[in-house]
There are 2 protein chains.
Amino acid sequence: MLQILSLIGDKWSILVIGQLRDRTLRFSELHRAVKGISQRMLTLTLRQLERDGLLTRTVHPSVPPRVDYALTPLGATLLDSVVALGEWATAHRQEINDNRRRYDATHVPRTRP
Amino acid sequence: MLQILSLIGDKWSILVIGQLRDRTLRFSELHRAVKGISQRMLTLTLRQLERDGLLTRTVHPSVPPRVDYALTPLGATLLDSVVALGEWATAHRQEINDNRRRYDATHVPRTRP
DNA sequence: CGGTATCCGGCCGGATACTG
DNA sequence: CAGTATCCGGCCGGATACCG
């Protein structure tokens with residue numbers, strides 16, 4: 001259970017899956033689409049998701065090389081929950097930020113210079 | 001957006017929220033319910049969730065002390081998505097484990113002794 | 001283009017000890 | 001009971017260099 005949750009728990013996984021929502025993307029497209037991810041983390045994330053059977057990796061033997069990533073049916077089933085989470089995050093972003101500001105304002109810091 | 005996702009991304013947050021699904025729990029009950037979590041991580045997780053306004057922390061001035069945690073309305077809205085994720089994880093646990101085994105069996109290790 | 005390989009600083013989180 | 005404080009090892013992930 002924890003091992004499955006840690007799959008979802010990886011924020012990069014969620015973002016990558018979200019990008020593959022309705023189209024196949026190649027590596028460089030994903031790299032540009034998921035802002036802030038390093039090439040290393042994108043590679044590791046994709047390998048993990050491929051290993052879990054959530055997406056397929058297709059190598060086209062061409063010059064220059066081209067690798068396409070697409071969701072599997074299993075990945076598509078997760079997409080629904082992921083999209084729901086994304087919508088929740090978007091819908092309550094402001095409210096959460098307000099809560100944080102209020103909390104930080106009322107709960108005085110314990111360390112004093 | 002990333003900051004919101006990292007809130008969900010914390011596996012402990014998901015598990016704690018799931019435990020508060022239909023009842024208030026005190027600290028020690030949560031500690032027992034969420035298997036594997038250390039006292040430190042439980043405290044940190046609860047503070048984070050309280051700061052974001054997803055749960056309330058109620059201190060009862062008694063001896064021995066007693067602290068209850070309960071979801072806020074905002075926390076309850078997240079609960080739906082969290083439950084969906086949990087159900088997805090449960091439903092596809094076996095399938096994912098099979099995929100991992102198959103992947104590990106076919107993709108030979110790159111390091112050879 | 002789409003990766004590996006390697007180095008390494010930071011912080012995550014467990015263990016332990018102490019307190020109101 | 002429900003925390004805080006402190007230490008510290010491990011691994012996460014960025015930066016960089018190189019390859020098919």
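The analysis underlying the following values was restricted to heavy atoms, covering all of them including side chains, and did not include hydrogens, waters or symmetry mates. The chains referred to below are lettered A, B, ... by the order of the sequence lines, with proteins before strands, and numbering in each begins at 1.
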> Contacts to DNA chain C from residues 50-59 of chain A, heavy-atom cutoff under 4.0 Å, which residues?
Replying inline: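 The answer is A/Arg57.
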
>> Under 4.0 Å, heavy atom to any atom of DNA chain C: which of residues 22-31 of chain A qualify?
In response: A/Arg26, A/Phe27, A/Ser28

Pairwise side-chain contact, [X] with [Y], heavy-atom cut-off 4.5 Å (strictly under):
| X | Y | value |
| --- | --- | --- |
| B/Leu49 | B/Ser13 | yes |
| B/Leu30 | B/Gln19 | yes |
| B/Tyr69 | B/Leu46 | yes |
| B/Thr58 | B/Val67 | no |
| A/Leu78 | B/His92 | no |
| A/Arg47 | B/Tyr103 | yes |

Atom [atom1] of [X] and atom [atom2] of [N]: how far apart are they, to the nearest Å?
| X | N | atom1 | atom2 | result |
| --- | --- | --- | --- | --- |
| B/Leu46 | D/dC1 | CG | C1' | 14 Å |
| A/Gln48 | D/dC12 | CD | C1' | 14 Å |
| A/Arg66 | C/dG3 | CZ | C1' | 16 Å |
| B/Leu42 | D/dG3 | CG | P | 8 Å |
| B/Arg47 | D/dA5 | CZ | C1' | 14 Å |

> Using rotation axes that map the C1' atoms of four end pairs onto the next four (five pairs an end), what angle separates the end axes of the helix from C/dC1-D/dG20 to C/dG20-D/dC1, to 10°?
Replying inline: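 End axes: 50° apart.
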
Please list, pair by pair, any protein nitrogen or oxygen found under 3.5 Å from a nitrogen or oxygen in nucleotides 14-20 of chain D.
unit_1: D/dG14; atom_1: OP2; unit_2: A/Ser38; atom_2: OG; d: 2.7

>> Can you tell me which nucleotide in C/dT4, C/dG2, D/dG3 comes closest to the side chain of A/Val67?
In response: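 So the side chain of A/Val67 is nearest to C/dG2.
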
>> Under a 3.5 Å distance rule, please check whether B/His31 uses its side chain to pair with a backbone N or O of B/Phe27 as donor and acceptor.
In response: no

> Quick one: does A/Thr24's side chain have a donor or acceptor within less than 3.5 Å of a partner on A/Ala70's backbone?
Replying inline: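 No; judged by distance alone, with no hydrogens or angles, the pair does not exist.
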
>> Does B/Leu55 form a side-chain contact (heavy atoms from CB on, under 4.5 Å) with B/Glu50? I'd like the steps, not just the answer.
In response: CA-CA 5 Å; B/Leu55 55 77; B/Glu50 185 195 1; 4.0 Å; yes

>> B/Arg102: which residues meet the side chain to side chain contact (heavy atoms under 4.5 Å, CB included) condition with it, sequence neighbours left out?
In response: B/Asp98, B/Asn99

Tabulate below the donor-acceptor pairs under 3.5 Å that side-chain atoms of residues 79-89 of chain B make, not counting sequence neighbours, or state none.
unit_1: B/Trp88; atom_1: NE1; unit_2: A/Thr77; atom_2: OG1; d: 2.9

> Do the charged groups of B/Arg57 and B/Asp68 touch, with an N to O distance under 4.0 Å?
Replying inline: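 Between B/Asp68 and B/Arg57 there is no salt bridge, as every charged N stays at least 4.0 Å from the carboxylate O atoms.
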
> When you look at A/Leu74 and A/Asp52, which way does the side-chain contact (heavy atoms from CB on, under 4.5 Å) test go after all the steps?
Replying inline: CA-CA 9 Å; A/Leu74 177 60; A/Asp52 289 342; over 6 Å; no

